[in-house]
Amino acid sequence: MTVKTNKIENKFEEITKVKNKWCLCDENNKKIIFNFCEGYKAFLSENKTERECCKYTISQAEKHGFKNLTEYIKKKTKLKCGDKIYAVNQNKSIILFVIGSEPFENGLNILGAHIDSPRLDLKQNPLYEKNGFCLMDTHYYGGIKHYQWLTMPLAMHGVVVKKDGTVININIGEKDNEPVFYISDLLPHLKKENGNQEILGEQLDIIVGNQTTKKDKESEIVIENLKKILKNYEIEEDDFISAEIEIVPSGKARDLGFDRSMIVGYGHDDRSCAYTSLKAILECEKPKRTAVCLLVDKEEIGSNGATGMKSRFFENVVAEIINLTGTYNELTLKRTLTNSYMISSDVTAGFDPSWASSYNIQTDAFLSSGLSFNKYTGHRGKSGANDASPEYIAKLRTILEKNKIFHQFTEMGKVDQGGGGTIAYILAEYGMNVIDAGIPLLSMHAPWEVASKLDIYHAYLFYKAFLKDMK
Ligand code: MN
Ligand code: MN
């Protein structure tokens, strides 16, 4: 879906001073924002794992003329300005490039978001029977409040890889005629002993069956039926060993509020920034500096592993790209990375009136106030933060003003209340300039999170402007 330019009539001073910026939008602006968010809602509803997001990105990239890096390498095609390339890492992270007219050494303009979200993962030997129920054992992924995952319909997304290498895609619990899964909670009537008990990670097992097939056997009777049913999905019990199955909330992203100004959805963190960053690079044509969009996995558990930001994948792919111009050497690669500018596109905490005491009303991000820039994140005295330099921020202010982007410069909660991190510090290790800029959320990391449509749209506008104008 292409979107017409959103012409904003307001003065820049108004944009920086007004908190809730819907009042700065006329009916036409609102229509464009709402229209854009229809595409986002569909994306969020359909793509609930990093693999699904990666697959979606490949299909969108190919529609927009991007070609797989492996094709370029195989055919030894020489790169030229305007070429569009993507590189996939184990089907779970992906990088897109639009080659610019300037030499690589001048640096890249990089947008980086993550496509993994907090969830429950099935263990490798999940299936068990207890008191007539069949359950599956999970291990949660990322920072969750355990109790939030109880008593709601859950869906199962992922892959099972058979011994012969065949990949079976699993997606159960999204369509109306499909079953869902469930984690139970204690009824309030029986709360005396266990009513205020903390929910432990080990308790987060999903109910998957309750039907017996034999009346004479006392144990293993539900599980036998379950194993039979799993065969309909071409899954044998042993196959869970080589599977990656994610338990996520079942259902679609929906408009929130009578005014429909917000969206309730699973995985706004960080697919709201991933979608808007992807849109920005898909629409990027012949930039001066080479434009890059990183969509990575494993951010929620520390960016480790082969598909996380800490892996060498990004650096290696940049080396391959430079090599395709015939000018590769180690120094060119190092200069390219050091001279790059990066936006770590990741969500932040939006001020929540129901939990006001954890926030600083003066300095925290508000929903509908625009894209939120965090100079630093980190915990307790900025520990672990990438602290963006004011020289870099000054350049970004020029872009914000030129493009009339709705934005805010913020922190994440009161000092010493907690904290957070993104992939920002990892790219900063190359010596490049990096800053966090993302969409503020309510209930971050809950099964259903909340974002403002206005913020989503202005994130997209900024990311697009950054790829084009940052120099
Ligand atoms: Mn995030
Ligand atoms: Mn997160």
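Order of listing sets the numbers, starting from 1, for every ligand and every atom in it.
There is no side-chain donor-acceptor pair under 3.5 Å between N29 and Y457.
Shown are the protein N/O/S atoms under 2.8 Å from the Mn ion (ligand 2), given by residue and atom: D269 OD2, E300 OE1, E300 OE2, H445 NE2.
Residues F36 and Y460 place their aromatic rings such that the two centres sit under 6.0 Å apart.
Each of E300, E244, E246 was checked for a salt bridge (charged side-chain N to carboxylate O under 4.0 Å, His left out) with R119, and the lone residue meeting it is E246. When D346, T422, L294 are each tested for a side chain to side chain contact (heavy atoms under 4.5 Å, CB included) with H114, only one passes: D346.
No cation-pi contact links K123 to F240, judged by a cut-off of 6.0 Å to the six-membered ring centre and 45° from its axis.
Scanning both residues, S261 and W22, for their nearest heavy atoms gives O-CZ2, 3.6 Å.
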